[in-house]
Amino acid sequence: MNLPRNAFKAALTSTQTQYGIWAGFANGYAAEIIAGTGYDWMLIDGEHAPNTVPSVLGQLQAVAPYTTAPVVRAVTGDANLIKQLLDVGAQTLMIPMVETAEQAQSLVRAMRYPPHGIRGVGGGLTRATRWDGVPDYLTSAHEELCLIVQVESRIGVENVEAIASVEGVDAVFIGPADLSIGLGHAGNPGHPEVQERIRHAVDATLAAGKACGILAPNEADARRYQDWGCQFIAVAIDISLLRQSAQATLARYREPGTPQTPSRTY
Ligand SMILES: O=C(O)C(=O)C[C@H](O)[C@@H](O)CO
């Protein structure tokens, strides 16, 4: 069989914004529901959702029949974890808290086989090769792999030009929550200093010829970042959608003034 095409990577050069959704439930059933709703991409979050390599595998299998492209966020840029995630078939990885070009270079090396990197060969044991069903996987895999580095700290933004310029880095994703707390504006990504740093990171990434993405569940934010040139934007978080919808539905029936989250009585 052919090496599976990475629709997310291909779309990074498109002029159309790629709309994404955070998938935080950490199971295949919920991931499949999300994949059926038509977003361009979804983020299977291994940093802040309770995912493991097997749970990521289950979600990749669940969403495989759909057009929504899975992006997997690893909890760290550890080369061994990257190896496992690639072996179970993740083609696009997002790595949090990248602060230097050297860090970005080592991530690229973790995703490539020797002599270009250090990835170990799983061969016929791996879903990535479709159990040896993909001819020339060892020499062609890198064409369909995509590396997104997260820039989400003061130092990361200071180094963003060098990070984005690293050969093998396909895109930079800005983390507004971590960046704002790191700049001393906890929970306030709209603070002018945070906004200035985000704009700088977007501009520098685009100037380096790479794609830029961001998380923006608030519509006004998403549209502003789109105007600034972000090509892929996560505009929703599945867990938040469920919670907000559950609260809004209940609020239509409760008496006005009833607490939204009554405490349990034992
Ligand atoms: O800093 C950010 O913003 C992110 O990296 C995204 C958060 O981790 C996300 O989990 C918020 O829900």
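In listed order, ligands and their atoms are each counted from 1.
The existence of a salt bridge linking Arg224 and Asp221 is confirmed by a sub-4.0 Å separation between a basic side-chain nitrogen and an acidic carboxylate oxygen. With respect to Arg197 and Glu193, no salt bridge is recorded, no charged nitrogen being found less than 4.0 Å from a carboxylate O.
At under 3.5 Å, not a single nitrogen or oxygen of Leu179, backbone or side chain, sits near a nitrogen or oxygen of ligand 1.
Here the protein heavy atom with the shortest distance to atom 12 (O) of ligand 1 is Ile237 CD1, 3.8 Å. At the shortest separation from atom 3 (O) of ligand 1 among protein heavy atoms lies Ala177 N, 2.8 Å. Looking only at protein heavy atoms, the nearest one to atom 1 (O) of ligand 1 is Asp178 N, 2.8 Å. Protein heavy atom nearest atom 9 (C) of ligand 1, with residue, atom name and distance: Leu215 CD2, 3.8 Å.
Scanning Met94, Met97, Arg73 for the heavy atom closest to atom 8 (O) of ligand 1 points to Arg73.
Val235 places none of its side-chain heavy atoms less than 4.5 Å from the side chain of Ile21. Looking at heavy atoms from C-beta onward, Gln150 lies in side-chain contact with Glu47 at the 4.5 angstrom threshold.
Asp40 and Thr68 share no side-chain donor-acceptor pair at under 3.5 Å.
Taking every heavy atom of His48 and a limit of under 4.0 angstrom, the matching atoms of ligand 1 come to 8 (O), 10 (O).
Only one option out of Tyr19, Phe8, Tyr39 pairs with Phe232 in a ring pair (Phe, Tyr, Trp, His ring centres under 6.0 Å); it is Phe8.
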